Number of protein chains: 2
Amino acid sequence: MLVSEKISPKTSARKAQIMDVSLEMMRRLGYQGTSMRDIASGMKMEAASLYNHISGKEDILAETCFRMAERLLTGLADVNDIYFNPVEKLSLAVKNHVNILTENTHAGWVFVHEWRHLSDENRSRFVAMRDAYEKGFNTILKQGEDEGVFQDVNNKFAVLTILASLNWVVEWYKPQGGMTPEQIADKLTEFILSGLKKDNN
Amino acid sequence: MLVSEKISPKTSARKAQIMDVSLEMMRRLGYQGTSMRDIASGMKMEAASLYNHISGKEDILAETCFRMAERLLTGLADVNDIYFNPVEKLSLAVKNHVNILTENTHAGWVFVHEWRHLSDENRSRFVAMRDAYEKGFNTILKQGEDEGVFQDVNNKFAVLTILASLNWVVEWYKPQGGMTPEQIADKLTEFILSGLKKDNN
DNA sequence: TTGCAATACTAACAAATGTTAGTTAGTGAA
DNA sequence: TTCACTAACTAACATTTGTTAGTATTGCAA
């Protein structure tokens, strides 16, 4: 085994297939409703064989949740680092969120809905990341208020409501549907800003 | 057994306790993560004894989901029947929704999240009710547009986003928290209307 | 060709699942 | 007292669960 593989083990193509099959099923049946034997049968192999590629059922869930969470976090951090205009920031943060959630619809759905079933340890790590993410949105709102661009609102409330609208996308987005992720992001941004901006020009 | 009980069997106090215990657990652990033995232990009885009061595990879920759905639907129908002003209608529809979801926080949560685990038959009945509910909101938006009060927006998109914000309430509402259901409904209405109204006065 | 790593298999495990059968103790009405 | 009813119990059931152990097959590198 190469040193690089020790540090960041290469994900085999086979494992990627298992992840795909698993996430599709978990979206339909939920994490707890999807058994290792279900996944195996989707892979046309035996349940025991899965363990040559993954260390256990929670692996699938944890890897999905943390990969998504990390991407969302770094995307939002970039936005907060690079740009200055709060309206622009918000718009880009929304784009970031929608793009990541819609890129792999099954992963997006599982991320939004099934993180609860992580083990205690993983779950608290996950919740910490989510809190940090909410804080990132809060920063944008606060900046907008300080600069007099946004109304003064209950920020906690506003952030939760904004994320509600964003996450709900996984419920109904379809790649072949009527709207592209960009269009969705634009509409959502428009909707959110109309509730935040001081003067609706 | 009385005839009236045959038609609409009286829900015993014991059964109500089982429902309470079950819903609290299902909120924490999910429907599939809550076993009959878990519920029984919460009731300080044996799992088999539960069957003296309920006909099975799905009973708990189905009764909760349909009771909530019916209340939401009739509430919305009343609003659409009685009032005329679309702004007023929307405001009252939001109040109705928030009030019902927050009245019993566990039931509200289970209703929003766990209906997926209904049996095929119950689930399709449930989805039909949800579609009807969405149609009710659609009607309000359309009326607002026809009367020139609301902007012309993608209605399907708008309804889903509105319901996203409304349902997200179950995620964070706490009876002892900072906001009453009325205050929440007002804030949400304000937020939604700011995205819909033509002239922001 | 030999040998090794990857990947599949069969068999089995202990635990947990929803539910049923049959029984028993207590309560109020006849 | 007798009777029916309610609501609890014990015991057991057939499945399903995630996972492990041990073994066979394959394909590539030496």
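All values below were derived from every heavy atom in this structure, side-chain atoms included, with hydrogens, water molecules and symmetry-related copies excluded. The model shown is predicted, which means the values in this text are computed figures rather than measured ones.
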All N/O contacts under 3.5 Å from nucleotides 22-29 of chain D to the protein, with atom names and distances to one decimal?
none

| field | side-chain contact (heavy atoms from CB on, under 4.5 Å) involving B/N85 - partner list, sequence neighbours excluded | value | B/V87, B/E88

| Taking atom P of D/dT6 as reference, at what distance in whole Å does atom CG of B/L50 sit? | 18 Å

| message | The criterion is salt bridge (charged side-chain N to carboxylate O under 4.0 Å, His left out); which residues satisfy it with A/R27, sequence neighbours excluded? | response | none

| Of all residues at least two apart in sequence or in a different chain, which pass the salt bridge (charged side-chain N to carboxylate O under 4.0 Å, His left out) check with B/R116? | A/E171

| message | Give me each pair satisfying ring-ring contact (aromatic ring centres under 6.0 Å, His included) with a member in residues 142-165 of chain A, each pair once, sequence neighbours excluded. | response | A/F157-B/W172

| said: One pair to check against side chain to side chain donor-acceptor pair (under 3.5 Å): A/K89 and A/Q143. What are the steps and the verdict? | reply: CA-CA 10 Å; A/K89 274 191 184 182; A/Q143 188 196 337; 2.9 Å; yes

| request: Pull out every residue in residues 17-25 of chain B that has a heavy atom closer than 4.0 Å to any atom of DNA chain D, ordered by number, or say none. | output: none

| task | Under the side-chain contact (heavy atoms from CB on, under 4.5 Å) rule, collect the residues that match up with B/R37, sequence neighbours excluded. | result | B/S35, B/A47

| message | Could you work out, with side-chain contact (heavy atoms from CB on, under 4.5 Å) as the rule, every residue matching B/E114, not counting sequence neighbours? | response | B/Y31, B/L61, B/W109, B/V110, B/H117

| Short side-chain donor-acceptor distance under 3.5 Å, A/H97 and A/N167 | yes

| request: Pull out every residue in residues 118-126 of chain A that has a heavy atom closer than 4.0 Å to any atom of DNA chain C, ordered by number, or say none. | output: none

| message | Once side-chain contact (heavy atoms from CB on, under 4.5 Å) is applied, do any residues pair with A/T74, and if so which ones, sequence neighbours excluded? | response | none

| With B/K15 via salt bridge (charged side-chain N to carboxylate O under 4.0 Å, His left out) - residues at least two apart | B/D59, B/E63

| query | Nucleotide by nucleotide, 5' to 3', does protein get under 4.0 Å of the base (B), only the sugar-phosphate (S), or neither (-) in nucleotides 7-18 of chain C, counting heavy atoms? | reply | BBBBBB----BB

| task | For salt bridge (charged side-chain N to carboxylate O under 4.0 Å, His left out), just list the numbers for A/E24 and A/R28, CA-CA rounded to whole Å, side-chain angles, deciding distance to a tenth of an Å, and then say yes or no. | result | CA-CA 7 Å; A/E24 188 277 332; A/R28 268 189 299 122; 2.9 Å; yes

| query | Would a line drawn from the ring center of B/F111 to the ring center of B/F66 be shorter than 6.0 Å? | reply | no

